[in-house]
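See below for the structure under consideration.
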Amino acid sequence: EMCIRDRCFFPKRSCPMALLLPTVAVETLLDVTPELLASMGVDTVLLDVDNTLAYHGSQEPFPGTVEWTHELRSRGFRVMILSNNFAKRVAPFAEKYDLPFLSFSIKPLPIAYFRAIHKLGARREKAVVIGDQVFTDVVGANLSRMKSILLTPRGEEKGFSIRVRRTLERPVRRRIARQSEKKGGDV
């Protein structure tokens, strides 16, 4: 079982980090299989760009990710890019992946998540947000009452704000690692 967080969507006294915990954590996007998504009960996937589809700031997709999105769509999954970046950053990815997108999403605020679900004709309880940041992707998914899959960041990130967020994420990622060890290595 790869679940990190039970169905506790908002913090409780017994689970103060619940808002920060993903439903599932894996290394890369390619570790997210259609079978995993089906086991989570989802039919809609909302994807971040940086460190999910490509290195931060790069215009070159990670190998295999374009094909991954095509495979999901061929199996009936709805897929959309949801990013805090501006359209000039997101539009080239949307074109390469042949996917709809929402840019300048102001994650973790739920409004863009709801707009994406509405645009796709989906239901939030059947949606999963996939990204590499706890304080945007995971918190936004939890506030929107959607499932989330947290990826491990890849590559060097130079911006001050991202370095601060990564420092603040460390306790969450340590908790995920401890839970993974307890479950015999599954992330």
Side-chain angles (χ1 to χ4, degrees), residues 1-5 21-103 105 107 112-113 116-117 119-120 122 126-138 140-141 146-159 162 165-166 169 172-173 176-177 180 183-187:
E1 176 81 342
M2 295 183 6
C3 286
I4 299 300
R5 174 180 50 79
L21 293 176
T23 312
V24 173
V26 297
E27 285 293 312
T28 73
L29 186 63
L30 299 182
D31 294 323
V32 179
T33 64
E35 294 76 21
L36 171 60
L37 295 172
S39 76
M40 295 173 72
V42 301
D43 61 14
T44 303
V45 177
L46 304 179
L47 295 168
D48 186 34
V49 173
D50 288 326
N51 281 320
T52 300
L53 300 176
Y55 287 112
H56 184 79
S58 171
Q59 291 294 330
E60 188 62 35
F62 286 137
T65 57
V66 172
E67 297 81 3
W68 180 88
T69 61
H70 292 162
E71 171 69 15
L72 284 187
R73 290 170 59 209
S74 75
R75 293 189 183 209
F77 288 91
R78 299 173 179 103
V79 183
M80 176 182 264
I81 294 173
L82 183 66
S83 175
N84 279 348
N85 280 296
F86 293 103
K88 72 177 191 174
R89 167 82 173 123
V90 181
F93 280 93
E95 188 175 325
K96 288 176 186 177
Y97 287 84
D98 189 28
L99 292 174
F101 72 94
L102 289 176
S103 58
S105 297
K107 296 184 288 183
Y113 296 83
I117 292 305
K119 190 172 182 178
L120 292 172
K126 300 274 241 167
V128 65
V129 177
I130 302 177
D132 68 300
Q133 291 191 47
V134 170
F135 293 103
T136 55
D137 304 308
V138 172
M146 295 179 190
K147 297 171 181 82
S148 61
I149 299 177
L150 181 64
L151 305 179
T152 300
R154 298 168 68 177
E156 186 178 343
E157 299 167 311
K158 297 177 181 157
I162 190 66
R165 284 192 303 264
R166 294 295 186 210
E169 284 181 358
V172 176
R173 291 188 181 273
I176 291 167
S180 173
K183 293 181 180 187
D186 284 342
V187 179

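All values below were derived from every heavy atom in this structure, side-chain atoms included, with hydrogens, water molecules and symmetry-related copies excluded. Throughout, numbering of the chain's residues begins at 1 and tracks the sequence.
- Panel note: side chain D137, backbone D132; a donor-acceptor pair is recorded below 3.5 Å.
- Note: K126 NZ to K147 NZ = 8.0 Å, rounded to the nearest 0.5 Å.
- Rounding to the nearest 0.5 Å places CG of L47 at 9.0 Å from OG1 of T65.
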Legend entry - Derivation and outcome, side-chain contact (heavy atoms from CB on, under 4.5 Å), residues L53 and D48: CA-CA 7 Å; L53 300 176; D48 186 34; over 6 Å; no
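- Taking all atoms of both residues into account, the shortest heavy-atom contact from P22 to V138 is N-CG1, 3.6 Å.
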What donor-acceptor contacts under 3.5 angstrom involve side-chain atoms of residues 79-88, with partners at least two apart or in another chain?
from : atom 1 : to   : atom 2 : distance (Å)
S83  : OG     : N85  : N      : 2.9
S83  : OG     : N85  : ND2    : 3.3
N84  : OD1    : I106 : N      : 2.9
N84  : OD1    : K107 : N      : 2.6
N84  : ND2    : K107 : O      : 3.2
N85  : ND2    : D50  : OD2    : 3.1

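- To the nearest 0.5 angstrom, D31 atom CG is 10.0 Å from I149 atom CD1.
- Taking all atoms of both residues into account, the shortest heavy-atom contact from L102 to A112 is CD1-O, 3.7 Å.
- Looking at V32, T33, T28 one by one, the single match for side-chain contact (heavy atoms from CB on, under 4.5 Å) with L30 turns out to be T28.
- Counting only heavy atoms from C-beta outward, the side chains of D98 and R73 approach each other to under 4.5 Å.
- Heavy atoms only, all atoms of each residue included: F77 and V42 are closest at CE2-O, 3.3 Å.
- Q59 meets the side chain to side chain contact (heavy atoms under 4.5 Å, CB included) test with R89, P92, F93, K96; sequence neighbours excluded.
- Here the straight-line distance linking atom CG of L151 with atom CG of N51 works out to 8.5 Å at 0.5 Å rounding.
- Taking both residues in full, the closest heavy atoms of W68 and I130 are given as CH2-CD1, 4.1 Å, listed atom of the first, atom of the second, then distance.
- By the 4.5 Å heavy-atom criterion applied to side chains, V24 and V128 are not counted as neighbours.
- Within 6.0 Å of CD in E95 there are 12 or fewer heavy atoms belonging to other residues, nucleotides or ligands.
- Side-chain contact between L72 and P34 is present, with at least one heavy-atom pair separated by less than 4.5 Å.
- The minimum heavy-atom distance between P61 and Y97, with the atom names listed, is CB-OH, 3.1 Å.
- Residue L150 holds its CG atom at 10.0 Å from CD of E27, rounded to the nearest 0.5 Å.
- In this structure, the side chains of L29 and F62 stay at 4.5 Å or more apart for every pair of heavy atoms.
- At distances below 3.5 Å, at least one donor-acceptor pair connects side-chain atoms of S148 with backbone N or O atoms of T23.
- Note that CE of M146 is 4.0 Å distant from CD1 of I117, once rounded to the nearest 0.5 Å.
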